[in-house]
Peer 1: 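Dumping the structure here so I can ask a few things about it.
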Amino acid sequence: FSMSDSSVKKAFGVYSTIVAAILSLAAGIYFQMINGTFGATKRVCYDAPVVYLLIGGAVVTVLLIALKRYGLASAVVTAASGCSILFFIHKCYWYISDVFVAIDEKGFDQKFIIFVGLAVAAFLIGEISIYARKTKQVKA
């Protein structure tokens with residue numbers, strides 16, 4: 001094959017990176033909207049680096065995709081969402097322990113579950129995108 005006989009098309013890895021960036025952006029915006037407050041005890045788990053990493057990681061990922069740096073883009077969204085989860089766990093440790101020892105007897109707040117779901121989904125899909133093929137050759 002010569003280059004004139006084939007072209008390069010985006011593969012699953014690029015699209016999964018885009019999905020991870022969208023989930024990361026959604027998680028950052030949602031966390032900011034609810035101000036990181038959860039449960040019957042109104043425990044404040046807000047931490048600005050969580051928002052900066054989620055939203056900033058999504059923006060940088062989109063810029064890298066526009067520059068066709070697909071491998072770096074998937075690494076950025078995965079690292080940013082993973083680090084934001086670690087900061088979040090550090091900040092909301094007391095809320096989680098309140099739930100486990102029944103101080104917050106209602107269990108995990110719906111807002112908590114939604115945020116954690118979005119952030120973990122962004123991380124897991126980003127992780128998948130790291131190992132997925134980003135481009136494929138297609139005969140013209």
Peer 1: Counting distance only, does the side-chain N/O of Lys134 pair as donor-acceptor with the main-chain N or O of Ala11 below 3.5 Å?
Peer 2: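 Here the side-chain-to-backbone pair does not exist.
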Peer 1: Tell me whether Ile34 shares a hydrophobic cluster with Val99, the cluster being built from Ile, Leu, Val, Met, Phe, Trp, Tyr side chains joined at under 4.5 Å.
Peer 2: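 Same hydrophobic cluster.
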Peer 1: Could you tell me which non-hydrogen atom of Asp109 sits nearest to which non-hydrogen atom of Tyr95, and how far apart they are?
Peer 2: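 Answer, listing the atom of Asp109 first, then Tyr95: N-OH, 2.8 Å.
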Peer 1: Show every ring-ring contact (aromatic ring centres under 6.0 Å, His included) that has at least one partner inside residues 45-70, sequence neighbours left out.
Peer 2: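 Of all non-adjacent pairs touching residues 45-70, those that pass ring-ring contact (aromatic ring centres under 6.0 Å, His included) are Phe31-Tyr46.
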Peer 1: In terms of hydrophobic clustering (I, L, V, M, F, W, Y; side-chain heavy atoms under 4.5 Å; direct or indirect links), are Val14 and Val76 co-clustered?
Peer 2: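 No; tracing contacts between hydrophobic side chains, which count when under 4.5 Å, never links both residues.
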Peer 1: Do Phe100 and Ile113 belong together in a cluster built from hydrophobic side chains that touch within less than 4.5 Å?
Peer 2: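 Yes; Ile113 is reachable from Phe100 via cluster members.
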Peer 1: Considering only heavy atoms from C-beta outward, does the side chain of Ile96 approach that of Phe38 to under 4.5 Å?
Peer 2: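 No, their side chains stay 4.5 Å or more apart.
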Peer 1: Give the intermediate values and the outcome of side-chain contact (heavy atoms from CB on, under 4.5 Å) for residues Val62 and Ile65.
Peer 2: CA-CA 5 Å; Val62 169; Ile65 289 172; 5.6 Å; no
Peer 1: Excluding sequence neighbours, so at least two apart, what forms side chain to side chain contact (heavy atoms under 4.5 Å, CB included) with Leu63?
Peer 2: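 Leu63 satisfies side chain to side chain contact (heavy atoms under 4.5 Å, CB included) with Val59 once adjacent residues are dropped.
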Peer 1: Would you mind writing out the side-chain donor-acceptor pairs for residues 78-92 within the sub-3.5 Å range, not counting sequence neighbours?
Peer 2:
residue, atom, partner, partner atom, Å
Thr78, OG1, Ser74, O, 2.8
Thr78, OG1, Gly126, O, 2.8
Thr78, OG1, Glu127, N, 3.3
Ser81, OG, Val77, O, 2.8
Ser81, OG, Thr78, O, 3.2
Ser84, OG, Ser81, O, 2.7

Peer 1: How long is the gap from CD1 on Ile114 to OH on Tyr30, to the nearest 0.5 Å?
Peer 2: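 With rounding to 0.5 Å, CD1 (Ile114) is 4.0 Å from OH (Tyr30).
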Peer 1: Taking transitive links into account, so neighbours of neighbours count too, which hydrophobic residues share a cluster with Ile128 at under 4.5 Å side-chain distance?
Peer 2: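 Its cluster partners, ordered by chain and number, are Phe12.
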Peer 1: Transitively linked via ILVMFWY side-chain contacts under 4.5 Å: Ile29 with Phe112?
Peer 2: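 Linked within one cluster.
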Peer 1: For residues 17-25, which side-chain donor-acceptor pairs fall under 3.5 Å, sequence neighbours excluded?
Peer 2:
residue, atom, partner, partner atom, Å
Thr17, OG1, Gly13, O, 2.7
Thr17, OG1, Ser129, OG, 3.3
Ser24, OG, Leu54, O, 2.8

Peer 1: Other members of the hydrophobic cluster containing Tyr131, with the 4.5 Å side-chain heavy-atom rule, please.
Peer 2: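 Other cluster members: Ile130.
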Peer 1: Over all heavy atoms of both residues, which pair between Asn35 and Val44 is shortest? Give the atoms and the distance, please.
Peer 2: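 The answer is O-CG1, 4.2 Å.
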Peer 1: Can you measure from CZ (Phe115) to CD (Gln32) and round to the nearest 0.5 angstrom?
Peer 2: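 So the gap between those two atoms works out to 11.0 Å.
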